[in-house]
Amino acid sequence: MTQSKVITVLFALSLTFAPVYADEMSDFFSPEGNVEFYSDEEETTPVLEVFEPIKINIGDVIFKQVTRRFDLLDPASNTGYYPGGRGPNKLVIYTANYGEHTLTNEFGTEAIVEGNIVTSLSGADSAIPKDGLVISGHGSAKNWITQNITIGSKVYVDTVSRTITVYTTSESFTFDARAKIDEAESIVNYYKQNSPNYNPITAFEHIKNARTYLEKAQSSKNDLQTLKQYSQDAIEEGNMAIKTALPYVPNELKGVWIRPTETCAEQIIATLDKLKDNGFNNVFLETYYHGKTIFPSKTMNKYGFTVQNELFEGFDPLKVWVDEAHKRGIKVHTWFQSFYVGNKNPNLTPTSILAQHPEWGNKTKKCADCDGPTMSVSEHNGYFLDPANDNVQEFLLELLTEIIQDYKPDGVNLDYIRYPNSNPRDDMSAWGFSEYARNKFQTIYGKDPVELTIADAMWYDWNAFRRNIITDFVRKAGKLGKENNTYVSTVIFPDIASALATKQQDWRSWSSNGYIDGFTPLFLTYDSKMLASMMNDVMNIKAPQTELYAGLFVTFMGGSSEDLIRQIFETRKMNANGVILFDYAHTTPVYTSTLMASAFNSASQDTKIKLAQKKKYEKKKRNNKISNKNSSSDTKTTRKSKITKDKTAKNKTRKSKHQKQS
């Protein structure tokens with residue numbers, strides 16, 4: 001290999017980055033030593049490893065280079081309060097040595113690196129490639145990733161200096177554009193093979209435009225501004241191709257979770273009109289949350305609890321939501337926080353559930369003998385009710401009965417239908433150690449669960465005891481729904497092993513026993529591959545009669561609008577019954593306009609059909625015109641031929657007469 005040429009890229013404070021060309025850098029020396037250029041005469045297809053200095057082809061342009069120290073490399077998993085070992089504002093690197101997934105929660109962002117190229121962006125619990133790594137950030141580190149890493153970026157990780165250096169090159173832009181064109185074509189080909197009435201006319205136009213811009217970008221490497229502009233144009237057209245390639249599906253549930261803020265009928269009507277205009281046909285309305293109802297509740301009043309959430313006092317929003325939604329053909333599911341009662345200190349509100357009944361609170365083993373309920377540190381310092389307490393279950397079922405019978409929603413969506421999150425390897429963090437639950441368990445098994453550790457055989461019985469308690473509540477709620485012709489769905493965590501070990505949520509048995517009608521699993525990622533993997537797990541475990549509506553977190557996690565389309569595409573390929581977006585507050589016009597480009601827009605399909613019919617008509621008209629022109633030409637030729645023949649015949653007759661006269 002010839003001598004490498006090393007560069008240092010200097011950036012202006014205005015963040016306008018000057019182009020740097022490999023063949024111009026012979027007189028420069030980089031103290032970092034993390035960029036190596038090589039000529040086409042050398043190996044042109046080397047294997048680029050993320051822990052090795054990156055190599056740039058001669059002629060390639062570096063738009064941008066940024067470096068930041070990372071905090072952790074392959075942290076010890078499942079330790080402490082932070083999922084994946086990623087604490088506040090931390091930048092963490094995960095390799096295959098760590099495991100298959102990062103195990104992080106939804107409050108961050110992640111970049112998946114294969115080789116040394118960023119191939120996709122995600123939000124949480126990303127799959128870790130065997131030949132690469134995942135860069136994960138929370139808080140300020142999340143912002144750094146969002147601002148500096150894009151698909152196609154090249155990455156160098158220096159484990160000695162504990163730094164990450166990210167490069168945006170000319171190849172980064174064209175890489176992303178090519179990927180989007182290929183992706184749009186893949187969606188089009190899928191529907192052409194599987195949907196006889198599919199019409200890709202609009203998507204084809206954008207693919208054609210993207211290819212044109214990409215060709216111009218690839219031939220403009222010596223002109224930075226032109227290269228950047230054409231690359232961006234190609235990416236934008238590729239994005240539009242992806243958005244318009246996904247067709248409208250009539251029988252698909254198109255839903256959104258909503259925490260209401262509307263305080264009058266006019267505001268509710270305006271929100272419902274907006275939802276209708278943006279293609280939504282189901283709303284999952286948060287009706288009971290943080291231990292309060294949005295409506296004036298007879299049940300809450302009976303128990304001496306806060307009768308209605310203070311935001312809605314003097315007004316019954318639930319009645320308006322249900323009535324006005326039904327006028328617009330929109331179904332309403334009351335979203336119900338079963339065992340979660342919020343993170344406010346209950347002692348500050350005398351009429352709160354736990355102020356009235358502190359013995360209803362859930363406790364960890366560590367705080368089993370403490371006064372009052374335990375806060376769940378990993379879940380917003382929130383408080384939970386004890387599912388094992390029969391009085392708790394009786395109250396919640398009374399409240400559900402009031403909602404179902406008085407307001408007649410189309411469905412009930414049970415959330416927080418589980419124990420708080422815990423570390424399965426730490427018995428002190430386990431939940432369910434209220435005095436009521438301990439006595440109940442001891443009556444059955446003759447042992448106080450506080451005396452058990454995870455090493456004891458009876459710890460299995462303690463797990464089963466808690467899971468069965470949750471399952472029994474689901475059975476009762478499902479029975480209530482069937483008796484009142486109300487659809488009952490549950491929010492679940494898709495990883496069954498984790499759901500059982502950390503939350504005592506045995507959703508497999510809910511499905512196999514037919515206790516509920518549908519699942520609304522939370523897919524805490526905006527990576528479509530990760531979604532497909534998690535969704536496949538649920539599909540393979542649930543019973544066929546249990547419907548599945550994929551809970552998508554793209555909007556909440558700040559993913560791109562194309563990520564949303566990718567995820568909807570994956571759910572359709574796996575025959576999900578629909579999708580629900582989390583949540584309305586984060587479903588901004590950027591996302592709704594993307595949905596209305598085709599996927600949620602019934603009119604767009606009609607428009608495509610009309611365009612196709614118009615093109616077909618115009619083509620037929622052109623062909624007829626050409627045919628008529630040819631026919632006219634043939635007629636003229638025939639007439640000319642006849643005239644010529646007549647003239648010839650007349651001439652012969654005249655000649656014959658002349659000869660006879662002679």
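One-based numbering along the sequence shown. Below, each value reflects all heavy atoms present in this structure, side chains not excepted, and no hydrogens, waters or symmetry copies.
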With sequence neighbours excluded, what pairs up with Asp369 under the salt bridge (charged side-chain N to carboxylate O under 4.0 Å, His left out) test?
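Applying salt bridge (charged side-chain N to carboxylate O under 4.0 Å, His left out) to Asp369 gives Arg438.
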Taking atom types as modelled, is there a side-chain donor on [X] or [Y] under 3.5 Å from an acceptor on the other?
| X | Y | answer |
| --- | --- | --- |
| Asp390 | Tyr436 | yes |
| Ser560 | Asp563 | yes |
| Asn463 | Arg466 | yes |
| Thr520 | Asn413 | yes |
| Tyr407 | Asp316 | yes |

Going by the side chain to side chain donor-acceptor pair (under 3.5 Å) test, name the single residue among Thr486, Thr287, Asn282 that passes it with His333.
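Result: among Thr486, Thr287, Asn282, Asn282 is the only option passing the side chain to side chain donor-acceptor pair (under 3.5 Å) with His333.
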Might you confirm whether atom [atom1] of [X] has over 12 heavy atoms from other residues, nucleotides or ligands at distances under 6.0 Å?
| X | atom1 | value |
| --- | --- | --- |
| Tyr445 | OH | yes |
| Glu359 | CD | yes |
| Lys344 | NZ | no |
| Asn540 | CG | yes |

Is there side-chain contact between [X] and [Y], with heavy atoms separated by less than 4.5 Å?
| X | Y | result |
| --- | --- | --- |
| Thr555 | Thr588 | no |
| Glu286 | Asp415 | no |
| Lys292 | Phe312 | no |

Using the side chain to side chain donor-acceptor pair (under 3.5 Å) rule, take Ser122 and Thr525 through it: C-alpha gap first, then chi angles, then the decisive distance, then the call.
CA-CA 6 Å; Ser122 179; Thr525 182; 2.9 Å; yes
Give the C-alpha distance, both sets of side-chain angles, the deciding distance and a yes or no for side chain to side chain donor-acceptor pair (under 3.5 Å) between Thr306 and Thr351.
CA-CA 5 Å; Thr306 303; Thr351 56; 2.7 Å; yes
So Glu398 and Tyr303, side chain to side chain donor-acceptor pair (under 3.5 Å) or not? Walk me through it.
CA-CA 11 Å; Glu398 281 188 47; Tyr303 279 85; 2.9 Å; yes
Residues 543-551, side-chain donor-acceptor partners within the protein, below 3.5 Å, at least two apart:
residue	atom	partner	partner atom	Å
Gln545	NE2	Ser511	O	3.4
Thr546	OG1	Ser511	OG	2.6
Glu547	OE1	Tyr487	OH	2.6
Glu547	OE1	Tyr549	OH	2.8
Tyr549	OH	Tyr487	OH	3.4

Stepwise side chain to side chain donor-acceptor pair (under 3.5 Å) check, Trp459 with Thr453:
CA-CA 7 Å; Trp459 189 263; Thr453 70; over 6 Å; no
One thing to verify: whether Lys479 and Glu483 come together as a salt bridge, which I'm taking to mean a side-chain N less than 4.0 angstrom from a carboxylate O.
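Yes, this pair counts.
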Salt bridge or not between Lys298 and Asp406? Use side-chain N to carboxylate O under 4.0 Å.
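Salt bridge: yes.
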In residues 493-503, what donor-acceptor pairs under 3.5 Å come from side-chain atoms, sequence neighbours left out?
residue	atom	partner	partner atom	Å
Asp495	OD1	Ala497	N	3.1
Asp495	OD1	Ser498	N	3.2
Thr502	OG1	Ser498	O	2.6
Lys503	NZ	Asn421	OD1	3.3

Would a distance-only check, ignoring hydrogens and angles, find a side-chain to backbone donor-acceptor pair under 3.5 Å from Asn381 to Met375?
no
Would the Phe384 and Phe339 ring centres measure less than 6.0 Å apart?
no
Before we go on, tell me: are the rings of Trp321 and Phe295 under 6.0 Å apart, centre to centre?
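No.
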Evaluate the side chain to side chain contact (heavy atoms under 4.5 Å, CB included) criterion for residues Phe433 and Trp462: first the C-alpha distance (whole Å), next the side-chain angles of each, then the deciding distance (0.1 Å), finally the verdict.
CA-CA 10 Å; Phe433 292 87; Trp462 174 235; 3.4 Å; yes
